[in-house]
Protein chains: 2
Amino acid sequence: MSASPPELRLENQLCFAVYSAAHAFAQAYKPHLDPMGLTYPQYLVMLLLWEQDGRSVNELGQPLQLDSGTLTPLLKRMEKGGFVTRQRDARDERVTRIHLTEHGKSLRDKARAIPTALLCASGLTLDQLNNLRDQVRVLGENLRE
Amino acid sequence: MSASPPELRLENQLCFAVYSAAHAFAQAYKPHLDPMGLTYPQYLVMLLLWEQDGRSVNELGQPLQLDSGTLTPLLKRMEKGGFVTRQRDARDERVTRIHLTEHGKSLRDKARAIPTALLCASGLTLDQLNNLRDQVRVLGENLRE
DNA sequence: TGACATCAAATTGTACACAATATAATTGTG
DNA sequence: CACAATTATATTGTGTACAATTTGATGTCA
């Protein structure tokens, strides 16, 4: 077996850098989310509900790129945790609407400190972070085409 | 409930751009890996074994940032799939050594076409890709500190 | 209106990811 | 050498992801 070409070396892969950074982010958020009882994907759902409450499962899944197979059990755990309620839409019984509980709403104030803490942990300036975010966003969009 | 501040909006999060791009990568690799019978994390293991065969579980886990809780079942599936063998090291019975099968070795030739296909799908030039990879790698390292 | 396509969620089954714990082999120290 | 500490892997339990299928509600059109 000859030497592996550079394009096949793990350390040279953009995909692995992204994969690895994604896991590192989840770990970096953990100390901030654990005290609230939220996981990282649940926190992403909270961000969407703080922006706009009462979304359907699909209206959460579209921006997150997640389907009901992932969201239904995740939302059930969030319901059990007292963060949200799940109820059928009276006008269209196919739709399940997700509403924040008072506790869920109140967590937004505690969450305000998180972005600053993560900016610091990233070791980037705000400009660098925004620039990198835009590049990574475009990459994701291209890959999904 | 007042409007959510910009720092708490999902679309503005670097973490989400990275999270989303990581999933997009896994999907983009899928059509190339499915015909081989490999999943994306299994492909990462194959990259390491093509570079150097006969690694221990830890010698795979260290570069991948994965522990035996993830790797042991993954490697068992790869063993069942006929890609690798798992056997205890005779000199230190605590260690499990992972070796490529002939089939596993032979897949490297088929994999050579993948990096080019993904570079194309990323919509980036090779220079842009290398530059972005380095930025994302540094980000991951900073977050892990 | 009634058969049929469509749609939104939920369910099922497989595969990561990771914390916490267990097990077994090896090492270090008195 | 005895034995406690360490090390490597495996196991257990919980929580995502996602493909494929199912269930139930809504829309459409002859």
Side-chain angles (χ1 to χ4, degrees), chain A residues 15-16 19-31 33-34 37-46 54-62 64-81 83-84 86-98 144, chain B residues 15-16 19-31 33-34 37-46 54-62 64-81 83-84 86-98 144:
Chain A
C15 68
F16 175 67
Y19 163 96
S20 188
H23 293 317
F25 257 126
Q27 292 303 306
Y29 273 92
K30 205 165 169 15
L33 299 179
D34 271 354
L38 287 169
T39 66
Y40 174 67
Q42 289 170 8
Y43 172 67
L44 298 182
V45 168
M46 293 299 278
R55 297 192 194 224
S56 69
V57 173
N58 261 341
E59 286 164 355
L60 289 168
Q62 199 159 349
L64 291 169
Q65 304 273 149
L66 295 174
D67 64 11
S68 68
T70 300
L71 282 175
T72 296
L74 184 151
L75 292 168
K76 282 184 179 178
R77 285 186 289 270
M78 292 182 74
E79 183 181 37
K80 189 176 288 186
F83 303 103
V84 302
R86 299 164 62 244
Q87 50 191 347
R88 292 285 174 177
D89 187 318
R91 269 185 276 287
D92 186 343
E93 294 276 347
R94 290 173 301 184
V95 173
T96 299
R97 298 235 161 253
I98 312 300
R144 241 174 261 110
Chain B
C15 67
F16 175 66
Y19 163 96
S20 189
H23 293 316
F25 257 125
Q27 292 303 305
Y29 272 93
K30 205 167 169 15
L33 299 179
D34 271 354
L38 288 169
T39 65
Y40 174 67
Q42 290 170 9
Y43 172 67
L44 298 182
V45 168
M46 292 299 279
R55 296 189 194 227
S56 68
V57 174
N58 261 344
E59 286 163 356
L60 289 169
Q62 200 160 346
L64 290 169
Q65 305 273 150
L66 295 174
D67 64 11
S68 69
T70 299
L71 282 175
T72 295
L74 184 151
L75 292 167
K76 283 185 179 177
R77 285 186 290 270
M78 292 182 74
E79 184 180 36
K80 188 175 289 184
F83 303 103
V84 302
R86 300 164 61 243
Q87 50 192 346
R88 292 285 172 178
D89 187 318
R91 269 184 278 285
D92 185 343
E93 294 276 349
R94 290 173 302 182
V95 173
T96 300
R97 299 235 160 252
I98 312 299
R144 242 174 261 111

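We name chains A, B, ... by the order of the sequence lines, and we start the count at 1 in each one.
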Do any side-chain nitrogens or oxygens of [X] fall under 4.0 Å of OP1 or OP2 in [N]?
X: B/Tyr19; N: D/dT16; result: no
X: A/Lys76; N: C/dT11; result: yes
X: B/Thr39; N: C/dC16; result: yes
X: B/Thr72; N: D/dT11; result: no

What I'd like to find out is whether the side chain of [X] reaches to under 4.5 Å of the side chain of [Y], using heavy atoms alone.
X: A/Arg77; Y: A/Gln42; value: yes
X: A/Leu71; Y: A/Val45; value: yes
X: B/Leu74; Y: B/Pro41; value: yes

Within the side chain of B/Arg97, is there an N or O that forms a donor-acceptor pair under 3.5 Å with the backbone of B/Gly54?
yes

Residue whose nearest DNA chain C nucleotide is more 5′ - A/Val57 or A/Ala24:
A/Val57

Closest-nucleotide mapping onto DNA chain C: is A/Asp92 or A/Pro73 further toward the 5' terminus? I mean the 5' end.
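Closer to the 5' end of DNA chain C: A/Asp92.
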
Give the rounded distance in Å between these two atoms: [atom1] of [X] and [atom2] of [N].
X: B/His23; N: C/dA15; atom1: NE2; atom2: C1'; answer: 14 Å
X: B/Leu38; N: C/dA15; atom1: CG; atom2: P; answer: 12 Å
X: B/Phe25; N: D/dA17; atom1: CZ; atom2: P; answer: 18 Å
X: A/Glu79; N: C/dA9; atom1: CD; atom2: C1'; answer: 14 Å
X: B/Phe16; N: D/dT16; atom1: CZ; atom2: P; answer: 15 Å
X: B/Tyr29; N: C/dA15; atom1: OH; atom2: C1'; answer: 19 Å
X: A/Leu44; N: D/dA17; atom1: CG; atom2: C1'; answer: 13 Å
X: A/Leu71; N: C/dT11; atom1: CG; atom2: C1'; answer: 14 Å

Please give me the minimum heavy-atom distance between [X] and [Y], naming the atom from each residue.
X: B/Pro73; Y: B/Ser68; value: CD-O, 3.8 Å
X: A/Cys15; Y: B/Tyr40; value: SG-OH, 3.1 Å
X: A/Arg86; Y: A/Leu75; value: CD-O, 3.7 Å
X: B/Arg144; Y: A/Ala21; value: NH2-N, 4.4 Å

Under 4.0 Å, counting only non-hydrogen atoms across every strand here, what does [X] touch: a base, just sugar-phosphate, or nothing?
X: B/Gln65; answer: sugar-phosphate
X: B/Leu66; answer: sugar-phosphate
X: A/Arg77; answer: base
X: B/Arg86; answer: sugar-phosphate

Distances under 3.5 Å between nitrogen or oxygen atoms of protein and nucleotides 19-21 of chain D:
| unit_1 | atom_1 | unit_2 | atom_2 | d |
| --- | --- | --- | --- | --- |
| D/dA19 | OP1 | B/Gln27 | OE1 | 3.1 |

Annotated protein contacts, base or backbone, on nucleotides 1-7 of chain C with a non-hydrogen cut-off under 4.0 Å, one of B, S, - each
------B

Close aromatic pair by centroid cut-off 6.0 Å: A/Tyr43 and A/Tyr29:
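Ring centres of A/Tyr29 and A/Tyr43 closer than 6.0 Å.
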
Surrounding CD of A/Glu93 (heavy atoms of other residues, nucleotides or ligands, distance under 6.0 Å), is the total greater than 12?
yes

